[in-house]
Every structure is written in structure tokens, then in C-alpha cells.
Amino acid sequence: MEQQLYIGGKILTMEKEEYAEALLVENGKIKAVGTQEELEAMGRGAECIRLHGAVVMPSFIDAHSHISGYAFSLMQASVEGAGSFSDIQAVIREFIRKNHIEKGKWIQVKGLDPTSLIEKCPPDKRILDEAAPENPVLLQHQSGHTGVFNTMALRLLGVTAETPVPEGGRIVLENGEPTGYMEENAYLAYLQKLPVPTMEELEKNFQKAQEIYASYGITTAQDGMVVGMLADIYRYLCSNKKLWLDIVGYADFREKETILKKLQAYMDGYKNHFRLGGYKIFLDGSPQARTAWMRQPYEGEREYCGYPVLEDETVREYVQKALSEGKQLLAHCNGDAAARQYIEAFETVLKGRPEAENIRPVMIHAQLLGRDQIEAVKRLRMIPSFFIGHVYYWGDAHIENFGRDRAAHISPAGSALRAGIPFTFHQDSPVTEPNMLESAWCAVARRTKSGVLLGEDERISPMDALKAVTVYGAYQYFEEKEKGSIRPGKKADLVILDRDPAKIKTEEIRNIRILETIKDGEPIYGSV
């Protein structure tokens, strides 16, 4: 019997009794929480871990990301922070030089943010051709919803002016020829045709990805869009016991039959730290890329509101199938029109029945969920998972795209809190780093990069922000009996912080250091 006794700091339980003096862990589970005197008597002979004033709390739960995408991104060049097309070209040239990239080998580049470029638009294939004339190149928008291919890439993929465009996507033409820029389903369809790294490369980078997630205090992560190729990768990783974070995968609904056959063994719970949690669908695009589907036009547009990815009938069909199979459904909804489509699909299929509670449907991002839609979300028992970091990273762009009034209510956590709706936060990694404390700070501060206070009435307290990345994260995954708070009988999935996020100034929350991350009672990052 292995026991660890944590004393000399604070235990932030995330339960009704928020704080305790000491914590006793036994065989990877929480044995007791209470006073130091009580637990020293109970845990005689336990390994004593002195916190020296640090704070122990439940580890963070990633409500939505793409950990496989994060692993892939570690093999890519990054143009994050680039200020011009010339900067992008310099990054690509240096990547080729530094990594001795051979002629003809694919180059993937991440982190394009046109709002940060002086040109204020994506580059086209000619800009990429100048940087890499002898290599196929894909430049990916930071949102993961659009991208630019160079001329060689388009040729290898067989993209011409006559290429059929997948429903819910766009291939931009100029003078009758593809510019290289694609959006949504068109972009995603060709992204999946790119060469896949070797299993050795993938295994190495999955280890790095898990280490980075753990460094941010995360012990449960998500793969929010498992396609057929990823199903094979997860079978390999699991059979070779290469996963040590809990990972919940969601199958692309379009490939669900193939994926379910490949991952049948992972449908009824974790096996070697992986399980299949349900299905994922896309209903629209990205607000900063102006592809999110809105009820009202974008600023400066008379009619353009973005566009849907799926027809209403298809969404209702997916909802019906998920309910009939008892599988959780995650829907990517950024714009309020996409949110409306998801809400109406459930209202039509359910017709007042309570089955949604059995699958806890999740509205991923819910970026521009209207305050007038909050009541329906509560009635349907949906869980909005807010990409709250948009307030900081793209809040200024949202003001430009939607005007100050609409932008002020992006990620409406305050409205959801007042309505009594459990909500979660996420970073959609690799879109941004899986930094849960930064997300908590964004929810409390609601400051843009330029310092604008965006939606004061949507601000929430630090404790409510922490619930979104612990208690409610566990609830979203149906794991509230095992994770999310410090209570006897739950897993000893813990994080140790150098300060208490609920007791310091708002601006200091994102500067808190992760001292140690613990999974099932065992340290997986750092030390105290």
C-alpha cells in the first residue's frame, strides 16, 4: 500500500468546503482530505510531501483540443508573430535551410494570422512559390479552418479550376485559376491527402505533446476529430502503451463506421489511457477568418454572413443517430446561426423529451452564441465549451468583424453562469497552447491584446473560471465521479501551483507556475 501525505500548503478542493490543510493519497486515489493533525494520524508511515506554501488542486481537464494535431504541429514551421508576407517567406526559407529539407518534400507551416499582417490578408500561392520553388507547401491558418497551398502542392493534389468543391467549403479562383487559398471542407479534404509521418516520428512527437500538456497541468486531454488515419495511429500507440495522459477521442461522424470498427475495444472506457467518447461534426468556420455562420452580416458587408457546412436535414440526422446510439455529440459552432442550427436540430428531434441528458451534447467554441439562445441551451442540457482565449487573442479582430456590441459578448461565460449552465473552457490546441491558467485569466480579465475591456458583464470570478477547467470538464466527459475535484474515492489527478489562483490579483493568474502535475498519484511533470 503506497500513501503520500501532502502538508504545509493549501488544498483547493473545488468542493463545497473549498480549502483543506492536508491531503492523503493511497494507491493513486484520494484517501482523505482534512486537517494536518487528522491525516498525520491516519497516514502513519506515508511518504510526507511538504508543499512549502504551494497549492494543490485537481488537475486540469482539456475540454476540447486536437492533441494529435498538436503532435503533428511540432514537426512544422511556425509563422506565429509574422508581420508581413516577407516574414512568412523568411520563416519558410530558414526552415528549409535549418532542417536540410530535400527537393520535393512537403513543408507544412502553421500559425498564419492575417489580422497580424500589414497586408491584412492571406498570401497566395505565388508568395509561397518564391519562398519554396522546389517544394510543395501548405500554409495553415491559425484557426485550422483555412489554408494556402503553393503551385507544386496544388499540382500534386490535382487541384485545378475545374476541381469540384466539397459542400461547405470554398476554393478561391482568380482569373480562372486557383490562388491556393481554400476554406473549410475544401481545405480539410485536401489536408487529409498530405503524406503522413512515419509511426516512429509520430510516436516521438506524441510523447512531446503529452509532456507539454502535462507541463500545463493537464492530465485528461481530447482528440476532437479522429479520422480514419488517426484511428490506426491510436491503435498503434495504445497497443505499444505509449499514452500516459487520459485521451478522449471523438470520431468524425462522416467516417464513424470505419472508425468504430477500428476502435471497437475503446468504446466502453479507457484502455491504455484512450477511449472513444462519441462523435464530432462541423457546422461552420472561424470568426476571425470570417467563415463563421452568423445571423447578421459581418461589419462592412450588406449580406455576407459566413456560411454553413451542413444542411439542416443532415444535422438532424446526425443528432438522431447519436441519440439512438447513446453517443455524445460535439458540434463545432462559432457563429450564432450555427448555434441556432444545432439548437433547432435537437429541438426537432427531441420534441420535449429528456434524452439529451443521456449524451450531454457539447457546443464547441460557442464563440458568438447569442444571449437570446442561452435559455434554449439550458433547456436542452447542452454544454457550451467556450474558446475563451478569443477575447485576448482575437478580441480586437472581433470588434472589427462584428462591431463593439456583438464582440463584447463573445464567449458569454457570464451569461451562462447566471443561467446556471455548466460550461467548460478550452484552447483548441494547436490553435493556441494548452494553457488552462491563461484561459482562466481570459475569463476573469476579458482584455484584448490592445487592452480593451471586452464585455465587462461577461467577466466571471477566478473560482468560477477554475470550475470550468476542472469540475465541469469532468462533467462534460461523464467522469465527475472520478475526476474534477479533490474528494475521497476520486483519482489522484492533481496539479501543484506556486500560488492560489483564487486569491491573487487578476493579472497574476496567467503568471502562476505549475510546480508539479500528478496522474493517478504519480508525478508526470516537475517536482516540489
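Classification of the H332-H145 ring pair by plane angle, with boundaries at 30° and 60°, yields tilted. Note on ring orientation: taking the six-membered ring where Trp is involved, the planes of H365 and H64 are perpendicular (angle over 60°, cut-offs 30° and 60°). Between Y342 and F346, the angle of the ring planes goes over 60°, which puts this pair in the perpendicular group of the 30/60° scheme.
For the residue pair E458 / S415, a side-chain donor-acceptor distance below 3.5 Å is found, with atom types taken as modelled.
The cationic group of R275 lies under 6.0 Å from the six-membered ring centre of Y270 and within 45° of the ring axis, placing it in a cation-pi geometry.
Of the listed residues (Y392, Y393, F387, F386), just one forms a ring pair (Phe, Tyr, Trp, His ring centres under 6.0 Å) with H390, and that residue is F387. Just one of Y213, Y70, Y234, F274 meets the ring pair (Phe, Tyr, Trp, His ring centres under 6.0 Å) condition when paired with F206; it is Y234.
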*Take Y475 and T470 through the side chain to side chain contact (heavy atoms under 4.5 Å, CB included) test and state the conclusion after the steps.*
CA-CA 9 Å; Y475 177 79; T470 55; over 6 Å; no
*Show your reasoning for whether side-chain hydrogen bond (donor to acceptor under 3.5 Å, both in side chains) applies to T424 and Q476.*
CA-CA 8 Å; T424 59; Q476 179 181 304; 2.8 Å; yes
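Counting heavy atoms from C-beta on, the side chains of E325 and K256 come closer than 4.5 Å. E438 places none of its side-chain heavy atoms less than 4.5 Å from the side chain of E433.
N272 CG to I247 CD1: the interatomic distance, rounded to the nearest 0.5 Å, is 11.5 Å. Atom CD of E479 is separated from atom NZ of K490 by 10.5 Å, given to the nearest 0.5 angstrom.
The six-membered or imidazole ring of F60 lies away from that of Y216, with a centre-to-centre distance of 6.0 Å or more.
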